[in-house]
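All remarks here apply to the structure that follows.
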Amino acid sequence: MDRQMILSRSSVMGVRGLQGFVGSTCPHICTVVNFKELAEHHRSKYPGCTPTIVVDAMCCLRYWYTPESWICGGQWREYFSALRDFVKTFTAVGIKLIFFFDGMVEQDKRDEWVKRRLKNNREISRIFHYIKSHKEQPGRNMFFIPSGLAVFTRFALKTLGQETLCSLQEADYEVASYGLQHNCLGILGEDTDYLIYDTCPYFSISELCLESLDTVMLCREKLCESLGLHVADLPLLACLLGNDIIPEGMFESFRYKCLSSYTSVKENFDKKGNIILAVSDHISKVLHLYQGERKLEELLPLGPNKALFYKGMASYLLPGQKSPWFFQKPKGVITLDKQVISMSSDPESREEVPMCSDPESKQEVHMCSDPEPRQEVPMCTGPESRQEVPMCSDPEPRQEVPMCTGPESRQEVPMCTDSEPRQEVPMCTGPESRQEVPMCTGPEPRQEVPMCTGPQSGQEVLIWTDPESRQEILCTGHESKQEVPICTDPISKQEDSMCTHPEINQKLPVATDFEFKLEALMCTNPEIKQEDPTNVGPEIKQQVTMVSDTEILKIARTHHVQAESYLVYNIMSSGEIECSNTLEDELDQALPSQAFIYRPIRQRVYSLLLEDCQDVASTCPAVKEWFVYPGNPLRHPDLVRPLQMTVPGGTPSLKILWLNQEPEMQVRRLDTLLACFNLSSSREELQAVESPFQALCCLLIYLFVQVDTLCLEDLHAFIAQALCLQGKSTSQLVNLQPDYINPRAVQLGSLLVRGLTTLVLVNSACGFPWKMSDFMPWNIFDGKLFHQKYLQSEKGYAVEVLLEQNRSRLTKFHNLKAVVCKACMKENRRITGRAHWGSHHAGSRQYEHDQWRRY
């Protein structure tokens, strides 16, 4: 297998051009290392400390997916076996693995996410064109990971007993933070951002030889030596080159100016390599002359992108780090999204650094820093970075926000429903006192802003919200002579002091400590925002949760962080979710996109999860869906309203579903799950089905009711493959080869797998009435096996042939088929064979997307 070919797409992650530059221009920064030897060295240096590697799982999916077949929906049994071998290999040499997954897409990276999804759409179109022309799977150069791979990998690793965490933002920052804070052996991934972070060593997953445990370590100190830079300069270099936050074109003219004045152009280097050398040369020879004396906007053509630029710089600074590239004033507070960052990383210095001040205020809010964690760098040791932290912002406003009111806290929560940034800001309620706090008007924007009350001092704190933004900022009042009081985290219900003593050894923003994150954002006085380069007030995003019940939200967040649920916390916190590309043929619209097929289920889940967001008209706010489907340009999210559902005995509250441990509650949970699928009337039939086929039947009933272009032959194939899978070994599945590849069967395989991910969402939302293992694909689905059964069924083979002449399977087959057909008949859906189809089922049926929004 050509690893470089499979992993080539991951090279676009991180800093633009740096991956190629390292490989072609600076190969000496890559050192071959052996994990077994590094682990032994670590144990001798730190007795009693287990060598730990932090794994950026999203970077590793392509490496882990070793099965030859990928087109048919996924070889899940083979994949699970490959993951087991990966874990066993590291465990055998005493190395502990910590896996991190992306939990959501940050707004600053949404444009990049969209760009990649649209690129994937073009790749999928080429894949289907190839299948129709050759009736076979394309080569590995067109490899596309199976749908749902990231979701099910989380559960596979947990099944294998591994510590698996899901981030509250994109994972790279938390991976780097965890590695630094916990003295880890290193980071395993494939993202050049890990060369920029000042953290533990970075190892390449694409170069890993699992048999020998050899890989390549990329040394940031050697990179700096080659470029004439310091480690603290790397964030500046990354932003000038372009990354996932800073568009590559933003500083294109600046880079070419650097290149034109660069006197050491290497003729044997490519253009991008010379540009990186030229920009580095400009930083070291020009910008260094004014470091600490002049502001960056006086030295760089930042223009209107100043706020975004500082945001990009801040994204690389880990807790306790500072940057010499920010013109430091005694005021100016800076945080990064949900992490409060210190402006000092010196553990010996107890000097309090002012975080937020007002020209008229005589008091300042201070924050002390954590002690610097110990960090082992096995082969490359560099100087400690001294980094200040800039203010951060969201460069583009998104949506207008209508209001919804939580029934318990009386807190109003905004929800985006329109692309125009006309924003309303809610009343703010103290999480402990439940006291409603009056509104006031912000300084210049003429916008209502809430006042928060500190839980102990009772003092009001102004939260300023810029009209073009979606982010709250804490400031001292203009007339106040008092310090901003301690704030209380509404989720953890712990007091978050603005001053943290070093002995506390607070570890932010590591995933295991998510419950205790500070979510308040500080700012300099809005009136001086034009003078302070770190003031990005006009472009800051507001952090407001959809659900105000702190107890329920904390449970949802815990399940999310521990990778035990899917999308539930995203819906309840931000009201925004996404789903990446699926292998769907945009030219054959006889099968609608999975995004529309499963939307009614999601709408009912929204109704369940957002019950306390209903307004006086008993309507819940819309959820923003970034779902990829043919014809969607992804310029803005689809705004999807919750759909009320009918549960026998009434819809139970989340507290009942999630907290009530009485045995009879499992019945209520199952009733709620079936109501999400609109299958309450089939409860009795489904309960008679044995595990793991109960969940599969539920999904098949829903699919065949929802999609009238599915036929009896499709049903036979789905049931037959699930039954035959139970008796297959992994080696038998590896050797299985379908006669040819059918494009419709490819789409059906992906459709079923997306249905399984939807089952994970529903089961999580309803309090886990079913065991997750019942709808893990390695237990009920195999892509090649389904493809084989589909081709046989399409040719009219007898059911006995589909079931490989196994009599016990035949009985189960007829029982499962009867359950599905009977339930469909209750919904006036009669499943017929292909011979009974009219011409409109042939695959040329044209649907507008709105026709599939049936609710």
Inset, instruction - Keeping the roles fixed (side chain from N742, backbone from R744), state whether a donor-acceptor pair exists under 3.5 Å. - result: yes
Legend entry - 4.5 Å side-chain heavy-atom contact, F80 and L160: yes
Inset, instruction - Compare every heavy atom of V647 with every heavy atom of A675, then report the nearest pair and how far apart it is. - result: CB-CG2, 3.6 Å
Inset, instruction - With sequence neighbours excluded, tell me which residues meet salt bridge (charged side-chain N to carboxylate O under 4.0 Å, His left out) with R668. - result: none
Legend entry - Student check: side-chain heavy atoms of S607 and L643 closer than 4.5 Å: no
Legend entry - Residues in salt bridge (charged side-chain N to carboxylate O under 4.0 Å, His left out) contact with D102, at least two apart in sequence or another chain: none
Inset, instruction - Locate the shortest heavy-atom distance separating H787 from C72; write the atom from each residue and the value. - result: ND1-SG, 3.6 Å
Inset, instruction - Classify the angle between the aromatic ring planes of W113 and W626 as parallel (below 30°), tilted (30 to 60°) or perpendicular (above 60°). - result: perpendicular
Inset, instruction - Go through the side-chain N and O atoms of Q594 and S750 and say whether any donor and acceptor fall under 3.5 Å apart. - result: no
Legend entry - Pairing residues for K115 by the salt bridge (charged side-chain N to carboxylate O under 4.0 Å, His left out) criterion, not counting sequence neighbours: none
Legend entry - Donor-acceptor contact below 3.5 Å, side chain R117 vs main chain L634: no
Inset, instruction - Measure the spacing between CG of L733 and CG of D782 and express it to the nearest 0.5 Å. - result: 4.5 Å
Inset, instruction - Evaluate the side-chain proximity of E123 to N581: yes if any heavy-atom separation is below 4.5 Å, no if none is. - result: no
Inset, instruction - Please work out whether the ring planes of Y130 and H134 are parallel, tilted or perpendicular, with thresholds of 30° and 60°. - result: parallel
Legend entry - Point-to-point distance, once rounded to the nearest 0.5 Å, from CG of D774 to CG of L759: 10.0 Å
Inset, instruction - Could you note down all residue pairs passing side-chain hydrogen bond (donor to acceptor under 3.5 Å, both in side chains) where residues 757-769 supplies at least one of them, sequence neighbours left out? - result: none
Legend entry - Q687: partners by side-chain contact (heavy atoms from CB on, under 4.5 Å), with sequence neighbours left out: L670, R683, Q694
Inset, instruction - Can you measure from CG (N121) to CD (E586) and round to the nearest 0.5 angstrom? - result: 7.0 Å
Legend entry - Smallest separation among heavy atoms of F152 and P777, with atom names: CD2-CD, 3.4 Å
Legend entry - Residues D588, K132; criterion salt bridge (Lys or Arg N to Asp or Glu O under 4.0 Å); working and verdict: CA-CA 12 Å; D588 183 359; K132 292 172 185 177; over 6 Å; no
Inset, instruction - Give a yes or no on whether the backbone of C676 and the side-chain of R604 come within a donor-acceptor separation of less than 3.5 Å. - result: yes
Inset, instruction - Indicate whether the side chain of R669 and that of Q666 have a donor and an acceptor atom separated by less than 3.5 Å. - result: yes
Legend entry - K158 side chain vs Q562 backbone, donor-acceptor pair below 3.5 Å: yes
Legend entry - For the student: nearest non-hydrogen atoms of C711 and F704, plus distance: O-CE2, 3.3 Å
Inset, instruction - Kindly indicate whether the side chain of F101, heavy atoms from C-beta on, has any atom under 4.5 Å from the side chain of T153. - result: yes
Inset, instruction - Check side-chain contact (heavy atoms from CB on, under 4.5 Å) between A765 and all other residues, then give those that pass, not counting sequence neighbours. - result: V568, V605, L608, L609
Inset, instruction - Indicate the atoms forming the closest heavy-atom contact of G575 with M546, along with that distance. - result: N-CG, 3.4 Å
Legend entry - ring-ring contact (aromatic ring centres under 6.0 Å, His included) partners for F86, two or more places apart: W64, F90
Inset, instruction - Please test R116 against D244 for salt bridge (Lys or Arg N to Asp or Glu O under 4.0 Å), starting from the C-alpha separation and ending with a verdict. - result: CA-CA 11 Å; R116 292 176 185 174; D244 291 347; 3.0 Å; yes
Inset, instruction - Using atom types as modelled and distance alone, determine if a side-chain donor or acceptor of Q137 lies under 3.5 Å from a backbone N or O of E68. - result: yes
Inset, instruction - Taking side-chain contact (heavy atoms from CB on, under 4.5 Å) as the test, write out the residues that go with N779, two or more places apart. - result: S773, M776
Legend entry - With sequence neighbours excluded, residues passing salt bridge (charged side-chain N to carboxylate O under 4.0 Å, His left out) with E685: K822, K826
Inset, instruction - Verify, without hydrogens or angle tests, whether Q721 (side chain) and I780 (backbone) share a donor-acceptor contact under 3.5 angstrom. - result: yes
Inset, instruction - State whether the side chain of R809 and the backbone N or O of L802 hold a donor-acceptor pair below 3.5 Å, judged by distance alone. - result: no
Inset, instruction - Supply the atom-to-atom distance L703 CG to L748 CG, rounded to the nearest 0.5 angstrom. - result: 9.0 Å
Check residues 812-819 and write down every donor-acceptor pair under 3.5 Å in which the side-chain atom is one partner and the other belongs to a residue at least two apart or another chain.
from	atom 1	to	atom 2	distance (Å)
N815	ND2	T811	O	3.3
K817	NZ	H716	NE2	3.1

Inset, instruction - Give a yes or no on whether the backbone of E794 and the side-chain of R834 come within a donor-acceptor separation of less than 3.5 Å. - result: no
Inset, instruction - Kindly give the heavy-atom pair with the smallest separation between F781 and G74, and that separation in Å. - result: CE2-O, 4.2 Å
Inset, instruction - Could you walk me through whether F693 and Q726 pass side chain to side chain contact (heavy atoms under 4.5 Å, CB included), step by step? - result: CA-CA 11 Å; F693 304 112; Q726 309 309 310; 3.8 Å; yes
Inset, instruction - State plainly whether the residues R62 and E190 are in salt-bridge range, i.e. N to O under 4.0 Å. - result: no
Inset, instruction - Please round to the nearest 0.5 Å and tell me the distance separating atom CG of D56 and atom CZ of F99. - result: 11.5 Å
Inset, instruction - Spell out, as yes or no, whether a donor-acceptor pair under 3.5 Å connects the side chain of E112 to the backbone of K109. - result: no
Inset, instruction - Just jot down the ring-ring contact (aromatic ring centres under 6.0 Å, His included) partners of F128, sequence neighbours excluded, or say none. - result: none
Inset, instruction - Verify, without hydrogens or angle tests, whether R154 (side chain) and A563 (backbone) share a donor-acceptor contact under 3.5 angstrom. - result: no
Inset, instruction - I would like to know whether N570 and H560 meet side chain to side chain contact (heavy atoms under 4.5 Å, CB included); could you show each step before the answer? - result: CA-CA 9 Å; N570 307 59; H560 174 96; 3.5 Å; yes
Legend entry - D739 vs K135, salt bridge (Lys or Arg N to Asp or Glu O under 4.0 Å): CA-CA, chis, key distance, verdict: CA-CA 9 Å; D739 293 338; K135 294 190 175 182; over 6 Å; no
Legend entry - Pair R110-E576, salt bridge (Lys or Arg N to Asp or Glu O under 4.0 Å): steps then yes or no: CA-CA 12 Å; R110 178 63 70 187; E576 187 169 11; 3.6 Å; yes
Legend entry - Heavy-atom check, side chain of S593 versus side chain of T582, under 4.5 Å: no
Legend entry - L736 side chain reached by K728 side chain, heavy atoms, under 4.5 Å: no
Inset, instruction - May I ask you to test the V640-R602 pair for a side-chain heavy-atom distance under 4.5 Å? - result: no
Legend entry - Non-hydrogen side-chain atoms of I831 and V820 separated by less than 4.5 Å: yes
Inset, instruction - For H129, check side-chain contact (heavy atoms from CB on, under 4.5 Å) against everything at least two apart and list the hits. - result: S133
Inset, instruction - Compute the ring centroids of W70 and Y65, then answer whether they are less than 6.0 Å apart. - result: no
